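Some notes on the structure that comes next.
Whatever order the structure lists them in is the order used to number ligands and atoms, beginning at 1. In this text, all values refer to a predicted model and were calculated from it rather than measured experimentally.
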Amino acid sequence: MGHSALSGTRVLLGVCAGIAAYKAVEVCRSLVDLGCQVTVAMTADAQNFVGPMTFSALSGRPVLTSIFDPNEPLAHTRLAGELDLIVVAPATADFIAKYRAGIADNGLLATLAASSAPVVIAPAMHSQMWENPATQENVAVLQSRGVLKVGPDTGLLAGGDVGIGRLADPVRIVDVCVDILSGTDRGVEGNSLSLEGIKVLVTSGGTREPIDPVRFIGNRSSGKQGTEIALQVCLMGGTATLITTLVPQIQGLFSTSIGDRLTVVEVETAQEMAEAVFGEIDQADIVIMTAAVADFRPARVLDHKYKKSSGPPNILLEPTVDILDRIGHDHRDDQVIVGFCAETENLENQARLKLVSKQADLIVANDVSKPQVGFGYDTNEVLLVTQDGHYQVPLTTKEEIARAVLSKAAEIYRNKTIKER
Ligand SMILES: Cc1cc2nc3c(=O)[nH]c(=O)nc-3n(C[C@H](O)[C@H](O)[C@H](O)COP(=O)(O)O)c2cc1C
């Protein structure tokens, strides 16, 4: 029952030692059903979870279980030379660290070290292992080398915890493989969408509007989505200027491999953010406004601490400058302006109203009344509203939301610049 376009394509399925190894059986089965010639490489520890017999029976090929195979001593170099794709599912924290370092002490790692085929990894592990800075940096470095990543997803983990770390749905993993093998990689989750040569201006965090030297009016924005967008811009080969109120919080999140792709500008108030955006906008191709900017600020800032004994203060507020509105109405035709909106009802209508009134190219709308969506969470679910239509991005990590937003913004940018030529 082979999918004709994929018949005869050669795929190495790497299986590492995680609980989710049993789901690799489904990935193997689906790829075989699609007509791929699948060879499975299991790490030694993975064989504690699933037996090689299952994979050899499904794939109709011997399973690479060690680098020292008496039947074929150089299987790893032969395979490396003939593969169209390597997919590792599940990819453990241990495997990711070794692969990043170029270690080649098992059949899977040795094949990877010797191959130039596209690589997809589907990490799966406990949330804390995933969020460990070493794992995060290892994954970021692999992505900057062009490795594609699917997942991990958020949900119930082995052991009963809920959080990020679940293996992406095998159907999605197979879909990504099919896209790559058939040359239609859409690049939403992977690194194949290049932002090479594109300059992106991103704002993040919540502004603080001072009342007196110790008090301010602020908001709940965690800045996670904006930080993730700036990071993904760099990993996708572009350059990012991040104007943020959160400089201390983002220290250490950007690995040294990102180098000079990122410029950070620290601001505190809506006025400072506006001035920084207006100062930088001429250099940008795409502007993404994720920051939660105060709509109002105290009309007068006291130069001394307001005394409690003076009773409840009367704080007169005045509007701040509407940055999105200003740049939406005043930017070059080849620039793409992206705004965010958080709503609790009528998501699409509200987003479309904002798109039109601010003259933006893309509005990313989230329904913050839903669980796990928006402020402070590591996950989000958004509706991308453009002048041509709307696209739902289901509940996923802020990292994948960032890629989906960048993918759409880059598509609009390319369409604009093609028209310009
Ligand atoms: C029951 C059990 C479940 C495990 N699940 C995972 C997992 O889901 N993800 C992970 O990264 N490590 C997991 N580990 C730890 C790895 O098995 C361990 O780091 C192993 O050495 C990885 O080997 P490999 O990367 O060569 O496959 C688990 C360990 C045990 C004992």
Side-chain angles (χ1 to χ4, degrees), residues 11-28 38-56 58-59 62-69 75-76 79-80 86-115 119-143 145 147-173 189 378-379 396-397 399:
V11 178
L12 183 76
L13 170 61
V15 182
C16 302
I19 292 278
Y22 73 94
K23 297 186 186 168
V25 174
E26 199 179 325
V27 175
C28 178
V38 182
T39 301
V40 177
M42 302 184 75
T43 64
D45 287 349
Q47 294 162 55
N48 292 308
F49 292 84
V50 194
M53 189 73 80
T54 308
F55 289 110
S56 58
L58 283 174
S59 66
V63 172
L64 193 64
T65 50
S66 152
I67 194 166
F68 301 108
D69 180 347
H76 61 290
L79 277 168
I86 301 177
V87 49
V88 184
T92 53
D94 171 74
F95 160 82
I96 290 168
K98 288 179 175 163
Y99 178 33
R100 180 248 167 116
I103 291 172
D105 65 356
N106 64 37
L108 172 60
L109 286 162
T111 310
L112 278 161
S115 169
V119 179
V120 176
I121 59 170
M125 62 199 73
H126 192 268
S127 310
Q128 270 153 355
M129 287 177 94
W130 174 250
E131 281 162 1
N132 183 306
T135 307
Q136 287 297 307
E137 184 179 310
N138 292 334
V139 171
V141 169
L142 289 175
Q143 286 185 289
R145 293 178 191 157
V147 170
L148 308 184
K149 176 180 75 58
V150 193
D153 285 353
T154 298
L156 187 63
L157 305 173
D161 291 342
V162 174
I164 186 159
R166 263 173 84 91
L167 183 74
D169 187 336
V171 174
R172 207 161 102 234
I173 299 172
E189 292 183 274
D378 289 327
T379 49
T396 183
T397 56
E399 176 187 340

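When non-hydrogen atoms are compared, ligand 1 lies under 4.0 Å from the backbone of Ala124 (N, CA, C, O) but not from its side chain. For Thr92, heavy-atom contacts with ligand 1 shorter than 4.0 Å involve the backbone as well as the side chain.
Between Thr43 and ligand 1, at least one N/O pair is under 3.5 Å apart. Considering backbone and side-chain N/O atoms, His126 never comes within less than 3.5 Å of an N/O atom of ligand 1. Where the criterion is an N or O separation shorter than 3.5 Å, residue side chain and backbone included, Phe49 fails it with respect to ligand 1.
Interface atoms of ligand 1 facing Cys16, defined by a heavy-atom separation under 4.0 Å, are 27 (O). Below 4.0 Å from some heavy atom of Phe95 lie the following atoms of ligand 1, by number and element: 25 (O). In summary, the atoms of ligand 1 found under 4.0 Å from a heavy atom of Gly18, numbered by their order in the structure, are 5 (N), 6 (C), 7 (C), 8 (O).
The presence of a protein heavy atom under 4.0 Å from atom 18 (C) of ligand 1 is ruled out.
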Practice task
Could you walk me through whether Asn138 and Val141 pass side chain to side chain contact (heavy atoms under 4.5 Å, CB included), step by step?
Solution key: CA-CA 5 Å; Asn138 292 334; Val141 169; 6.0 Å; no
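The shortest contact between atom 15 (C) of ligand 1 and any protein heavy atom is with Ala17 O, 4.1 Å.
Under a 4.0 angstrom heavy-atom cut-off, Ala20 registers as lying outside contact with ligand 1.
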